[in-house]
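We count residues from 1, following the sequence as given. Whatever order the structure lists them in is the order used to number ligands and atoms, beginning at 1.
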Amino acid sequence: MVMTDSEIIYLDNNATTPLDPAVIEEMLPFLRECYGNPSSGYAFAAKAREAVDLARERLAALLGCEPPEIVFTSCGTESNNAVINSVLQFEPHGKFATGRIRHGGHIVTSAVEHSAVLRPCQDLLKKGCDVTFLGVDQDGRVDLGELEAAIRPETALVSMMWANNETGVLFPVEKIAELCRDKGVLFHTDAVQAVGKIPIGVRDTAINFLSLSAHKFHGPKGVGALYVRRGTRFHPLIAGGGQEDGRRGGTENVASIVGLGKAAERALEYLTEGKTHIRSMRDRFEKAILERVSGASVNGARAARVPNTSSFSFEGIESPAALLLLDRHRICCSAGSACRTGSQEASHVLRAMDSIGDRARRSLRFSFSRFNTDAQIDRAIEMVPKVIAKLREMTTPTQASAVSAAVTAQ
Ligand code: PLP
């Protein structure tokens with residue numbers, strides 16, 4: 001397929017993904033005619049209730065769990081906050097405390113988590129809870145020995161992401177979950193960047209909680225879910241009506257939940273058919289960039305990674321300037337997480353991987369999806385080296401900084 005110059009090349013699928021047309025189709029009746037409240041008793045509302053049930057079944061199939069173990073939420077951020085707040089509501093042996101955050105509680109997490117885990121943990125620190133932020137090696141890997149040593153008798157939760165949003169590096173969460181189970185500690189994984197990208201079977205693991213978000217796998221924005229393992233104590237973040245079996249108050253966002261369910265079904269089809277299109281696009285892109293651009297390296301190259309993410313460091317450039325030029329060529333990618341775009345602060349993930357170097361300031365993340373085409377990858381392979389070469393020609397720091405300033409001001 002030949003591309004037109006004006007076509008967007010969307011290589012920022014870790015920020016968000018396009019809606020699958022099949023998802024839109026399935027959502028539409030619930031935005032139009034099937035507007036009943038799933039909690040209402042009459043037959044008209046049963047359609048909405050059944051649709052929510054179906055979505056729960058489809059998501060359970062993708063995660064390899066039972067439908068009642070799923071709680072629908074408003075996003076991945078809410079799911080993470082719900083878990084972190086929940087665990088400290090209990091005394092160490094599962095007895096419900098007084099509704100106040102338990103002082104002296106302890107959480108273990110990593111320094112490279114998304115802000116949706118880091119921020120609630122930092123807030124808990126201010127409220128008298130202790131948090132250990134484990135560092136990572138140069139490839140973004142966590143040391144299991146260090147993790148084990150960080151767990152104390154008062155540790156209420158270990159929270160480690162499944163896949164890193166900036167580098168795609170995978171943490172061995174199944175092993176970590178077993179370690180936590182052996183130590184009698186609850187384990188949560190922020191799997192927002194893993195769900196739909198790699199096969200997941202929570203039933204065969206010791207994971208207690210798992211967070212996900214629909215818009216990362218071609219579902220709608222503003223809807224997510226939390227897996228809560230059967231028998232794991234959980235205190236709702238949002239108290240209200242008895243929705244979600246009393247685990248999350250608020251009338252269900254039916255159309256979006258339907259969209260999440262359909263997106264889960266489509267993701268499972270892709271994974272079970274053993275399709276490798278995304279991985280081969282990513283690998284082809286990575287290989288070509290490494291061959292064509294001197295001083296380029298892949299962040300987390302020696303670690304296991306999700307198949308859709310390429311995080312590059314380029315010597316002699318500044319990420320904001322590169323983003324500006326790539327944008328002019330209609331190539332969408334990012335310097336780190338989308339949440340930090342426009343901020344002067346370099347990625348905390350890349351800084352954790354390279355505390356003395358400047359990798360964080362000269363990195364670009366490209367992330368792919370099944371809606372990318374080979375023609376788009378060809379165009380990116382043609383344009384990225386040109387943009388890097390152009391930036392390197394701007395030898396005076398003033399020129400490069402002027403471009404950086406222009407982009408951060410946007
Ligand atoms: N966790 C990770 C790893 C993410 O990448 C993101 C979004 O970028 C989130 C959590 C937040 O998800 P949501 O946008 O649904 O709140």
**Report entry** Salt-bridge criterion met for Arg56 and Glu244 (N-O under 4.0 Å)
**Finding:** yes

Report task. State whether the number of non-hydrogen atoms from other residues, nucleotides or ligands found under 6.0 Å of Arg302 atom CZ is greater than 12. Result -> no

Query raised in the report: Which bit of Thr77 is near ligand 1, meaning a heavy atom under 4.0 Å away: side chain, backbone, both or neither?
Result: both

Query raised in the report: Numbering the atoms of ligand 1 from 1, which are under 4.0 Å from a heavy atom of Asn165?
Result: 3 (C), 5 (O)

Query raised in the report: Is there at least one pair of N or O atoms, one from Gly76 and one from ligand 1, spaced under 3.5 Å apart?
Result: yes

Requested in this report: Might you point out which heavy atoms bring Thr109 and Cys121 nearest each other, and give the distance in Å?
Outcome: CG2-SG, 4.2 Å

Query - Arg229 backbone acceptor or donor facing Asn208 side chain under 3.5 Å - result: no

**Report entry** Distance-only N or O hit between ligand 1 and Asp190, under 3.5 Å
**Finding:** yes

Query - Closest to atom 5 (O) of ligand 1 (judged by heavy-atom distance), picking from Glu166, Glu78, Met161, Gln193 - result: Gln193

Report summary line: Quick note on ligand 1: atoms under 4.0 Å from a heavy atom of Lys216 include exactly 6 (C), 7 (C), 8 (O)

Query - Close-contact set for ligand 1 against Ser213 heavy atoms, below 4.0 Å - result: 13 (P), 15 (O)

Requested in this report: Say whether Lys221 and ligand 1 are in contact under the criterion: heavy-atom distance to a ligand atom below 4.0 Å.
Outcome: no

Requested in this report: Determine the sole option in Phe285, Phe314, Tyr10 for which the ring pair (Phe, Tyr, Trp, His ring centres under 6.0 Å) test with Phe366 is passed.
Outcome: Phe285

Query raised in the report: Going by the angle between their ring planes, with limits at 30° and 60°, are Phe234 and Phe209 parallel, tilted or perpendicular?
Result: tilted

Query raised in the report: If you draw a 6.0 Å radius around CZ in Arg119, do more than 12 non-hydrogen atoms from other residues or ligands fall strictly inside?
Result: no

Query raised in the report: By number and element, which atoms of ligand 1 are closer than 4.0 Å to a non-hydrogen atom of Cys75?
Result: 13 (P), 15 (O), 16 (O)

